[in-house]
Amino acid sequence: MEFSTKPKEKIEFNKLQKKLRRLTGQAIADFNMIEEGDKIMVCLSGGKDSYTMLEILRNLQASAPINFSLVAVNLDQKQPGFPEDVLPNYLQSEGVDFHILERDTYSIVKELVPEGKTTCGLCSRLRRGSLYGFADQIGATKIALGHHRDDILETLFLNMFFGGKLKGMPPKLLSDDGKHMVIRPLAYCKEKDIEKFSTIKEYPIIPCNLCGSQENLQRQVIKDMLQKWDLEYPGRTDTLFTSMQNVVPSHLADTSLFNFKDLETKEDDFDRLNIISL
């Protein structure tokens, strides 16, 4: 957007950018996501979230009190019609250090997943494995993913509704093998703010065409539910996210988190209550 003749739009953009920077910086601080000397592998898909994450991290890097480096990595999964020149052209124009990792996961997914079935699960596992392996090759100490607050809430409800687990998507995660630290710097950022920021910046968005739109995916159902709640009850999703940061194990029902079996009343307290009631 050309701001020179649109001062109001420029002010709004600056406010939005500051908001995203503040929330990203807060998440980084709260979860100790980035430390001195870190080499952050920024996973760039070509979508609005990862473009925004890269931009905000670069902004923060310029003023951070610690030194860390950023390297953008895109996984080219060999989807038919994938515009291979878009990301390299953009990253070169921005002066960003980057790698394009080529892995034909598309053929594997098409071979193993029956027609009409959801491809996201297998695709994400193959993508994760490829990125973890490449992080080792380039010596990255952290792997940054562009998931935002809405993604985290959607995952919470997906696991509750369809997986029977009270489990979300953590802002910071140690991989199962203990070798890779995954961070989600946009954990506190709302998708609508990221979308607005991305639109103003006019990023060259690359859509994911492997699975098509798949409008009936469970995640889309959850997304629609949360968006409806946010419209009908403003602030509800804010409260929901806050609840993820205020967990009370003794008021749930997981015996591995709280020792319900050995709960006992305290006789002195009980007697004192009886006296008071008299």
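In what follows, every heavy atom counts, from backbone to side chain, and hydrogens, waters and symmetry copies are set aside.
- A single hydrophobic cluster is seen to contain both M33 and L23, as judged by linkage of ILVMFWY side chains at heavy-atom distances under 4.5 Å, directly or through other members.
- Within the 3.5 Å criterion, the main-chain N or O of H148 finds a donor-acceptor partner in the side chain of D151.
- The CZ atom of F161 sits 9.0 Å away from atom CG of L156, with the distance rounded to the nearest 0.5 Å.
- Of the inter-residue distances, the one linking K201 atom NZ with Y51 atom OH reads 12.5 Å to the nearest 0.5 angstrom.
- Atom-to-atom distance recorded for R125:CZ and I108:CD1 is 12.0 Å, nearest 0.5 angstrom.
- When the side chains of ILVMFWY residues are joined at heavy-atom separations under 4.5 Å, either directly or via intervening members, L145 and I100 end up in two distinct hydrophobic clusters.
- Shown here is D176, whose CG atom has no more than 12 heavy atoms of other residues, nucleotides or ligands within 6.0 Å.
- Other residues, nucleotides and ligands place more than 12 heavy atoms under 6.0 Å from the NZ atom of K223.
- No side-chain heavy atom of M41 sits less than 4.5 Å from a side-chain heavy atom of H99.
- Two residues are said to be in side-chain contact when any heavy atoms from C-beta on lie closer than 4.5 Å; I194 and F197 fail this criterion.
- L186 is connected to L44 through a chain of hydrophobic side-chain contacts under 4.5 Å among Ile, Leu, Val, Met, Phe, Trp and Tyr, so both are in one cluster.
- Residue K167 comes nearest to N159 through the heavy atom pair O-ND2, 2.7 Å, listed as atom of the first residue, atom of the second, then distance.
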Subject >> Derivation and outcome, salt bridge (Lys or Arg N to Asp or Glu O under 4.0 Å), residues K78 and D76 >> reply: CA-CA 6 Å; K78 297 305 175 184; D76 179 356; 3.3 Å; yes

**OP:** Kindly determine whether I34 and L60 satisfy side chain to side chain contact (heavy atoms under 4.5 Å, CB included), including the steps that lead there.
**Re:** CA-CA 11 Å; I34 299 178; L60 291 173; over 6 Å; no

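- Closest of all the heavy-atom pairs between I40 and A144 is CG2-CB, 3.7 Å.
- Annotation for I205 and G47: closest pair CD1-C, 3.9 Å, computed over non-hydrogen atoms.
- Using a 4.0 Å cut-off between charged side-chain N and carboxylate O, E55 and R21 make no salt bridge.
- Counting heavy atoms from C-beta on, the side chains of E195 and T52 never come closer than 4.5 Å.
- Grouping the Ile, Leu, Val, Met, Phe, Trp and Tyr side chains by contacts below 4.5 angstrom, directly or via other members, places V96 apart from L101.
- With a 6.0 Å radius and a threshold of 12 heavy atoms from other residues, nucleotides or ligands, K39 has its NZ atom above the threshold.
- Taking CD of Q79 as the start and CG of D104 as the end, the distance is 10.0 Å to the nearest 0.5 Å.
- Look at D193 and K19 and you find a salt bridge, because one of the NZ, NE, NH1 or NH2 atoms lies within 4.0 Å of a carboxylate O, short of that distance.
- At a threshold of 4.5 Å between non-hydrogen side-chain atoms, the residues R184 and P170 count as touching.
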**OP:** Check the pair C43 / I143 against side chain to side chain contact (heavy atoms under 4.5 Å, CB included), numbers first and verdict last.
**Re:** CA-CA 7 Å; C43 297; I143 301 172; 3.6 Å; yes

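- A donor and an acceptor atom, one from each side chain of T237 and R149, are located under 3.5 Å apart.
- In this structure, a donor-acceptor pair under 3.5 Å is absent between the side chains of R127 and S45.
- Listed here is the closest heavy atom pair of A187 and F241: O-CZ, 3.5 Å.
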Only pairs under 3.5 Å count here: list side-chain donor-acceptor contacts from residues 243-258, not counting sequence neighbours, and write none if there are none.
unit_1	atom_1	unit_2	atom_2	d
S243	OG	L240	O	2.4
Q245	NE2	Y188	OH	3.3
N246	ND2	T242	O	2.9
D254	OD1	S256	N	2.9
D254	OD1	S256	OG	2.5
D254	OD2	S256	OG	3.4

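- T141 is not listed as a side-chain neighbour of F68, based on a closest heavy-atom distance of 4.5 Å or more.
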**OP:** Could you please spell out the steps behind the side chain to side chain contact (heavy atoms under 4.5 Å, CB included) verdict for R219 and L158?
**Re:** CA-CA 7 Å; R219 180 171 289 275; L158 273 171; 3.5 Å; yes

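- Residues N67 and E36 share a closest heavy-atom pair of N-OE1, 3.2 Å.
- Taking the side chain as every heavy atom from C-beta outward, F31 and I183 never approach each other to under 4.5 Å.
- Side-chain contact between L126 and R103 is absent, with no heavy atoms from C-beta onward closer than 4.5 Å.
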**OP:** Could you go through the side chain to side chain contact (heavy atoms under 4.5 Å, CB included) check for K48 and E191 one step at a time?
**Re:** CA-CA 9 Å; K48 67 182 189 313; E191 183 175 22; 3.0 Å; yes

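- Rounding to the nearest 0.5 Å places CG of N59 at 9.5 Å from CG of L54.
- Cluster annotation: M181 is not connected to L173 through the hydrophobic network of ILVMFWY side chains, with a link wherever side-chain heavy atoms come within less than 4.5 Å.
- The CG atom of D150 sits 7.5 Å away from the CD atom of Q227 when rounded to the nearest 0.5 Å.
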Original post:
Hey, mind stepping through E12 and K196 against salt bridge (Lys or Arg N to Asp or Glu O under 4.0 Å) and telling me if it holds?
Top reply: CA-CA 10 Å; E12 290 300 315; K196 188 184 299 183; over 6 Å; no

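- Scanning all heavy atoms of the two residues, the minimum distance from G46 to L87 falls at CA-CD2, 4.2 Å.
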